[in-house]
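In what follows, a single structure is set out as structure tokens and then discussed.
Residue numbering restarts at 1 for every chain, and letters A, B, ... go by the order of the sequence lines.
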There are 2 protein chains.
Amino acid sequence: MELKEAKAKYIQAWGILGSSWGINKTMGQVHALLMISPEALSTEDIMRELNISRGNANMNIRALIDWGLIFKEFKSGERREYFRSEKDVWELARTVAAQRKQRELAPIIRMLNEARNVKGESSKELDEFKKVTKDLNDFAGKATGILDRFIRSDKNWFTGIFMRLIR
Amino acid sequence: MELKEAKAKYIQAWGILGSSWGINKTMGQVHALLMISPEALSTEDIMRELNISRGNANMNIRALIDWGLIFKEFKSGERREYFRSEKDVWELARTVAAQRKQRELAPIIRMLNEARNVKGESSKELDEFKKVTKDLNDFAGKATGILDRFIRSDKNWFTGIFMRLIR
DNA sequence: TCATACTTTCAATACTTTCTGAAAGTTATT
DNA sequence: AATAACTTTCAGAAAGTATTGAAAGTATGA
């Protein structure tokens, strides 16, 4: 396979992966493009490579910066802005986990917790509700605990403890 | 809070959570409804409780069965089909993990692996590409390893090893 | 201050997904 | 075989999301 072909494949795959996980296709593609590029790229470069409009490119670049996945870079003597991505996959995973936790998981878990605060005399329905929601909360508590630890951790924790897990 | 209100809140939260993770809102809501119901429910029941059309109810019930998250149940003397959900959160998480791995992760990882099979003489671009895709694959390998272990595991593994992780 | 080189915004449009309701299909019962 | 009780399908409506391209905005420097 040629580099050009391989790149295209990689960018496409990243786009699909993104769209099935709530990040949109273009955003995934822009990110992939920057991941595999040794140089920082400008908006123009991105537009050209991915065949997308200026508005679209701009929007998704902003969003990626917002997520903390890519960074602006200035080249001296140049007016144009360039963008570069974080290349450490470990760092990337931590950033995404932290963001999603903040944006999506936390508010929902709060909501589920509130729902548990239900009053009334015991009945089959109430008991079932309490049981299910309690289980769910315990689980969510454990899961977010792991997630937190993951977010705060360093590379070593992963390769250390997790490697033991998968052996 | 009253049970009715708490239920509504719970169902809504599950719907939102679903829609931000690639499962649609109604599907999440149907699932939530069945989770907290002590009795199996019929299509009619679900339509009424969630205010959705017959077609929509049917579609999402099928999809949930397909995912292995809910089951048909027959009541003797009744013609109508009833549905019940898996209530063990642990089991639920494992089922979802297994499904998503099969449906989404596996094909993409295959695709990314293929992209790594690139030929050509060494250049800055090629080197960068190889480096990034290698890192990514290592990471994906570890992650799917953990996922596999999780899918195959029993409750004990989680409460045992994972509890140690979060302490 | 003006021209230039860019970046950002936004209304219109295209595209995708979800939902509805009616019609068609299926199975059990008389 | 006819009816009744239910389930499934499907075409079109509605809702939601992404994309474009042009216009507006901003900074640079002659």
Side-chain angles (χ1 to χ4, degrees), chain A residues 11-12 14-34 40-67 69-84 103-104, chain B residues 11-12 14-34 39-67 69-84 100 103-104:
Chain A
I11 289 170
Q12 203 207 347
W14 215 230
I16 296 171
L17 194 60
S19 63
S20 88
W21 286 90
I23 281 168
N24 83 38
K25 194 186 93 200
T26 309
M27 203 168 144
Q29 291 185 326
V30 172
H31 184 253
L33 179 61
L34 289 172
L41 301 179
S42 68
T43 304
E44 297 282 341
D45 295 333
I46 292 167
M47 286 167 59
R48 186 164 16 81
E49 292 277 342
L50 302 178
N51 278 301
I52 59 174
S53 72
R54 187 170 297 286
N56 196 11
N58 187 271
M59 243 188 82
N60 285 291
I61 289 169
R62 290 314 116 195
L64 284 166
I65 290 177
D66 227 59
W67 275 72
L69 296 177
I70 67 173
F71 308 97
K72 276 192 189 176
E73 195 167 291
F74 298 98
K75 293 198 178 180
S76 66
E78 286 235 39
R79 188 122 151 228
R80 189 172 284 187
E81 291 177 340
Y82 285 81
F83 306 95
R84 181 182 289 285
R103 297 179 191 217
E104 294 156 17
Chain B
I11 290 170
Q12 204 207 348
W14 215 230
I16 296 172
L17 195 61
S19 62
S20 88
W21 287 88
I23 281 167
N24 83 37
K25 193 185 95 200
T26 310
M27 203 168 145
Q29 291 185 325
V30 172
H31 184 254
L33 179 62
L34 290 171
E39 307 294 340
L41 302 178
S42 69
T43 304
E44 297 281 342
D45 295 332
I46 292 167
M47 285 167 59
R48 187 164 15 80
E49 292 277 343
L50 302 178
N51 278 299
I52 58 173
S53 72
R54 188 169 296 286
N56 195 11
N58 186 273
M59 249 188 77
N60 284 292
I61 290 169
R62 288 317 117 192
L64 284 166
I65 290 176
D66 227 59
W67 274 72
L69 296 177
I70 67 174
F71 309 97
K72 276 191 188 178
E73 194 167 293
F74 298 96
K75 293 197 179 181
S76 65
E78 288 234 39
R79 186 126 150 228
R80 186 173 287 188
E81 292 178 338
Y82 286 81
F83 306 95
R84 181 183 290 285
R100 295 207 73 147
R103 295 179 193 219
E104 294 157 18

Atom NZ of B/Lys25 to atom C1' of C/dT20: distance rounded to whole Å? 14 Å
Write down the distance between CG (B/Asn58) and C1' (C/dT18), rounded to a whole number of angstrom. 15 Å
Which distance, rounded to the nearest 0.5 Å, do you find between the OG of A/Ser53 and the CE of A/Met59? 10.0 Å
At their closest point, which heavy atom of B/Phe83 faces which heavy atom of B/Leu34, and how far apart are they? O-CD2, 3.3 Å
Between A/Arg80, A/Glu78, A/Arg84, which is the residue that forms a side chain to side chain donor-acceptor pair (under 3.5 Å) with A/Tyr82? A/Glu78
Expressed in angstrom and rounded to an integer, what is the separation of B/Gln29 atom CD from C/dT18 atom C1'? 13 Å
B/Lys75 NZ to C/dA28 C1': how many Å, rounded? 19 Å
A/Asn56 CG - C/dT13 P separation (whole Å): 18 Å
Using a cut-off of strictly less than 4.0 Å, decide whether B/Thr26 has a side-chain nitrogen or oxygen near OP1 or OP2 of C/dC19. yes
Decide yes or no, distance alone: a donor-acceptor N/O pair under 3.5 angstrom between the base of C/dT27 and the side-chain of B/Arg79. yes
B/Arg62 meets the salt bridge (Lys or Arg N to Asp or Glu O under 4.0 Å) criterion, sequence neighbours left out, with B/Glu81
For B/Glu78 and A/Asn24, find the nucleotide of DNA chain D closest to each by heavy atoms; which residue's nucleotide sits nearer the 5' end? B/Glu78
Atom-to-atom span, CE of B/Met59 to C1' of C/dT18 - whole angstrom: 7 Å
Round to the nearest Å and state the distance from A/Arg62 atom CZ to C/dT9 atom C1'. 12 Å
What is the distance from CG of A/Asn60 to P of C/dT7, rounded to the nearest Å? 16 Å
What are the bounds, 5' to 3', of the part of DNA chain D that sits under 4.0 Å from heavy atoms of chain A? D/dA18 to D/dT28
Of all the heavy-atom pairs spanning B/Ala32 and B/Ile11, show the shortest one and how long it is. CB-CA, 3.8 Å
For the pair B/Thr43 and B/Met47, evaluate side-chain contact (heavy atoms from CB on, under 4.5 Å) and give the outcome as yes or no after the intermediate values. CA-CA 6 Å; B/Thr43 304; B/Met47 285 167 59; 4.2 Å; yes
From CG (B/Asn56) to CG (B/Leu50), nearest 0.5 Å: 9.0 Å
Remember a base hit wins even if backbone is also touched, and classify B/Glu81 as base, sugar-phosphate or nothing at under 4.0 Å, heavy atoms. sugar-phosphate
